Structures are given as C-alpha cells and as structure tokens.
Number of protein chains: 2
Amino acid sequence: MNIGQAAAASGLSAKMIRHYEQSGLLQPTQRSEAGYRQYQSKDIEILKFIRRARILGFSLADIAGLLALWQNPQRSNTVVKQVAQQHLAEVELKLQELHAMKQTLQQMIAQCAADGGAHCAILQHLAKPTRS
Amino acid sequence: MNIGQAAAASGLSAKMIRHYEQSGLLQPTQRSEAGYRQYQSKDIEILKFIRRARILGFSLADIAGLLALWQNPQRSNTVVKQVAQQHLAEVELKLQELHAMKQTLQQMIAQCAADGGAHCAILQHLAKPTRS
DNA sequence: TATGAACCTTACCCTCATGGCAAGGTCAAG
DNA sequence: CTTGACCTTGCCATGAGGGTAAGGTTCATA
C-alpha cells in the first residue's frame with residue numbers, strides 16, 4: 001500500500017503522514033525498491049488512531065505519548081486518564097475564553113445600529129470599553 | 001515616550017508593537033535622534049484599541065480594517081457590524097468544535113477505570129470508536 | 001514500444017501571533 | 001567611567017498543517 005492509499009484509508013493527507021513520520025510520531029515504514037513508503041493494515045490502524053486523537057484536539061506530543069501507551073501491554077490506564085484530563089482542562093479553558101469573546105461580541109453587535117451612519121457602538125467599545 | 005513605556009501603558013509587549021508596525025498595522029512613529037521610537041498619548045490609544053480587539057480574538061487583518069474605519073469620519077457602521085458578525089460566526093464555530101471535543105473527552109474519561117490496569121476505555125475509543 | 005497520466009520522493013517557503021536570543025548602540029545615575 | 005537598563009535590528013522557533021517545484025516511478029493505453 002502506497003502513501004496515497006494509506007491517506008485515503010486513514011483520512012489523513014499524505015503530506016501529514018510524512019510529517020508525522022519526520023517528527024518521530026511514526027516509525028519509518030518499509031520502502032519499496034523505488035523508495036516508496038509501504039503501509040500495512042496495522043499501520044493504517046495507527047494512522048486512524050492519530051486522526052481520531054487529532055479530531056479530539058490532542059497535540060502531536062500528547063499523541064506520541066498515547067501511541068506509546070497504546071502499544072505498551074504494561075501500560076497503566078491511570079496515566080492515560082491523566083493525559084486525557086489534562087487535555088480536557090485545556091479544552092475547557094479555551095471554551096471559557098471563547099465564550100467570553102462571544103458574549104462581548106454579541107453585546108457589541110446588539111448595540112450597533114448598522115444604519116449606515118458613522119456612530120458605532122462597536123468601535124466605541126474597542127476605543128474605550130464601558131464595561132468588561 | 002519610548003517603546004517600553006508604551007508597552008506598559010497599553011498592555012502589549014514591546015516586541016509586538018514593533019511587529020504591528022512592521023506588518024503595516026501601525027504607522028511608523030517618530031524616532032529620536034538615536035533611532036528610538038517615540039510614542040504620543042494618541043498612539044497609546046491606538047495600541048489599547050489593538051489590544052482590546054486582540055482580546056476579542058480579531059485577527060490582525062481584521063484589526064487593520066477596524067482601525068481604518070475607526071479613523072475614518074466617513075465610515076459606515078454597517079461595515080463594522082459585518083466584520084464583527086463574521087468574527088462572531090467564527091468564534092461560534094470554534095465553540096461548537098470545542099464543545100464536541102469536550103463531550104467526547106468527558107465520556108471517555110468517565111468510562112476509564114483508572115485502576116492502574118492495562119484495560120483502558122480511552123485507548124479503546126481512540127483505536128476503534130464505538131460511537132461518534 | 002513509447003508516452004502520458006497519476007503517483008511518489010525530497011526540499012523548500014508560507015501561514016498566524018508570539019516568544020526568545022544575540023550583537024550592538026544609547027542613556028542616565030552613581 | 002562604568003554599570004545597568006533600555007533600545008535597535010535580525011534571525012530562529014513554535015504547531016499543524018498547506019502549497020509548490022523539480023525530479024523519479026509505475027502502469028495502462030495508443
């Protein structure tokens with residue numbers, strides 16, 4: 001299986017698969033005589049694992065750790081849970097930040113007449129916020 | 001006023017002020033004989049404007065537009081509102097994505113025994129998701 | 001058999017907002 | 001006159017990709 005098929009099968013781009021290999025997330029695969037990377041179905045499972053973890057927002061560094069734990073029969077699920085909880089905390093922090101942005105943006109937009117005039121509550125708020 | 005004081009007064013870093021100038025967001029300021037950037041209180045207001053807009057998540061490109069509108073007496077608040085609404089839509093999209101991540105992470109974490117064993121619902125989910 | 005399309009390789013540069021470091025110039029106080 | 005705090009420019013790094021270019025390979029079809 002060449003990298004194109006591996007990309008299609010895993011949902012990643014070929015570019016990213018090479019990038020993951022180059023940054024140490026993946027073991028270098030076997031190569032064909034011409035130098036083409038060769039992927040086995042086992043490799044596809046790893047690629048899918050990476051893709052799912054990326055969708056959940058795990059960093060590549062986190063994923064490297066999770067992959068090592070996944071492939072280690074002596075692993076402790078306590079460690080895995082800690083990684084996930086740490087990531088969840090970061091996600092929740094970003095959620096809070098974005099929520100605060102959303103609130104303020106909504107208030108500003110609600111106060112904007114949008115009548116084509118020059119008076120603008122949004123610019124006023126950015127220039128000299130009355131609250132928040 | 002040198003850049004250090006301008007940074008302290010605006011809440012930005014000196015580094016970022018230089019960067020904003022270099023990327024065209026700010027007009028180059030006057031310089032002292034030694035080449036030091038000189039800031040007036042009017043400049044500080046602009047820097048504060050930028051900082052508040054950054055806190056709300058506007059991109060530097062957006063802020064360039066907002067600054068131009070702010071300083072244009074012929075502006076139309078309709079345009080300003082459009083910029084803000086577009087940004088709000090992006091914020092809401094990211095909120096949805098992060099919320100989905102949070103939901104899945106919470107489910108995975110709740111199913112993880114964390115008893116030090118090798119069985120791990122989190123890794124299982126990443127390897128072969130039963131749902132989502 | 002030749003050729004062209006579709007694939008693969010590596011090696012660059014770009015994003016975006018920000019931080020860090022290095023080498024050197026300036027200023028003010030002791 | 002030295003010292004320390006400030007300033008200057010310029011370069012590199014981040015993270016997770018995208019784009020592009022120049023060149024090699026594979027395969028089917030004319």
Side-chain angles (χ1 to χ4, degrees), chain A residues 1-26 28-40 43 47-67 83 86-87 90-91 93-94 97-98 101, chain B residues 1-26 28-40 43 47 49-67 86-87 90-91 93-94 97-98 101:
Chain A
M1 209 179 197
N2 288 342
I3 200 170
Q5 274 121 28
S10 66
L12 297 169
S13 69
K15 185 92 190 212
M16 279 304 100
I17 295 176
R18 291 191 199 99
H19 179 63
Y20 295 157
E21 178 186 317
Q22 211 243 326
S23 52
L25 193 53
L26 296 171
T29 61
Q30 285 183 332
R31 300 284 187 124
S32 72
E33 286 191 5
Y36 286 18
R37 290 171 181 81
Q38 300 299 134
Y39 294 88
Q40 314 299 324
D43 300 317
L47 294 176
K48 286 184 183 173
F49 184 102
I50 293 174
R51 176 163 180 267
R52 292 186 198 111
R54 282 298 302 137
I55 288 172
L56 290 178
F58 285 103
S59 69
L60 296 193
D62 278 350
I63 295 174
L66 290 173
L67 271 176
V83 173
Q86 174 66 33
H87 177 51
E90 289 161 10
V91 167
L93 189 60
K94 280 193 188 166
E97 292 171 6
L98 281 172
M101 288 182 196
Chain B
M1 208 178 196
N2 287 341
I3 199 170
Q5 273 120 29
S10 66
L12 298 169
S13 69
K15 185 92 190 210
M16 278 303 101
I17 295 176
R18 290 191 200 99
H19 179 62
Y20 295 158
E21 178 186 318
Q22 211 243 326
S23 52
L25 195 50
L26 296 170
T29 61
Q30 285 182 333
R31 300 285 187 121
S32 74
E33 287 190 4
Y36 287 19
R37 290 172 181 81
Q38 299 299 135
Y39 295 88
Q40 314 299 324
D43 300 317
L47 294 176
F49 184 102
I50 293 174
R51 177 164 179 265
R52 292 186 198 111
R54 281 297 301 137
I55 289 171
L56 290 177
F58 285 102
S59 70
L60 296 193
D62 278 350
I63 295 174
L66 291 172
L67 272 176
Q86 174 65 34
H87 177 51
E90 288 162 11
V91 167
L93 189 60
K94 279 193 190 167
E97 292 171 6
L98 280 173
M101 287 182 196

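By convention in this document, chain letters (A, B, ...) are assigned in the order of the sequence lines, proteins followed by strands, and residues within each chain are numbered from 1. Quick caveat: nothing in here was measured; it's all calculated off a predicted structure.
Each of B/Y39 and A/M16 was assigned the nucleotide of DNA chain D with the nearest heavy atom; the assignment lying further toward the 5' end belongs to B/Y39. Residue A/A34 is the one, among A/A34 and B/S32, whose nearest nucleotide of DNA chain C lies closer to the 5' end (criterion: closest heavy atom).
For B/Y20, a side-chain nitrogen or oxygen approaches OP1 or OP2 of C/dT18 to under 4.0 Å. Look at B/S13 and you'll find a side-chain N or O under 4.0 angstrom from OP1 or OP2 of C/dG19. Side-chain N/O atoms of B/R31 include one lying less than 4.0 angstrom from OP1 or OP2 on D/dT9. For C/dC7, the OP1/OP2 oxygens have no side-chain nitrogen or oxygen of A/R37 closer than 4.0 Å. Side-chain N/O atoms of B/R54 include one lying less than 4.0 angstrom from OP1 or OP2 on C/dT18.
Distance, B/I17 CD1 to C/dT18 P: 12 Å, rounded to whole Å. Between the NE2 atom of A/H19 and the P atom of C/dC14 there is a distance of 18 Å, given to the nearest Å. In this structure, B/Y36 atom OH and D/dC7 atom C1' are separated by 4 Å, rounded to whole Å. Following rounding to the nearest Å, B/Q5 (CD) and C/dT26 (C1') show an atom-to-atom distance of 14 Å. Atom CD in B/Q38 sits roughly 16 Å away from atom P in D/dC6 (whole-Å rounding). In this structure, A/E21 places its CD atom 18 Å from P of D/dA16, rounding to the nearest Å. The interatomic distance linking A/Q22 (CD) with C/dT10 (P) rounds to 9 Å, in whole Å.
For A/R52, the side chain to side chain contact (heavy atoms under 4.5 Å, CB included) criterion is met by A/K48, B/L126, B/P129, not counting sequence neighbours. For B/A61, the side chain to side chain contact (heavy atoms under 4.5 Å, CB included) test picks out B/S59, with sequence neighbours left out.
Atom CD of A/Q30 has 12 or fewer heavy atoms from other residues, nucleotides or ligands within 6.0 Å.
Pairing each heavy atom of B/I17 with each of B/L12, the nearest pair is CG1-CB, 4.1 Å.
Contact of the A/R37 side chain with the A/R31 side chain is registered, since non-hydrogen atoms from C-beta on lie closer than 4.5 Å.
Here D/dA16 is the nucleotide among C/dT26, C/dT9, D/dA16 with the atom lying nearest to any side-chain atom of A/L60.
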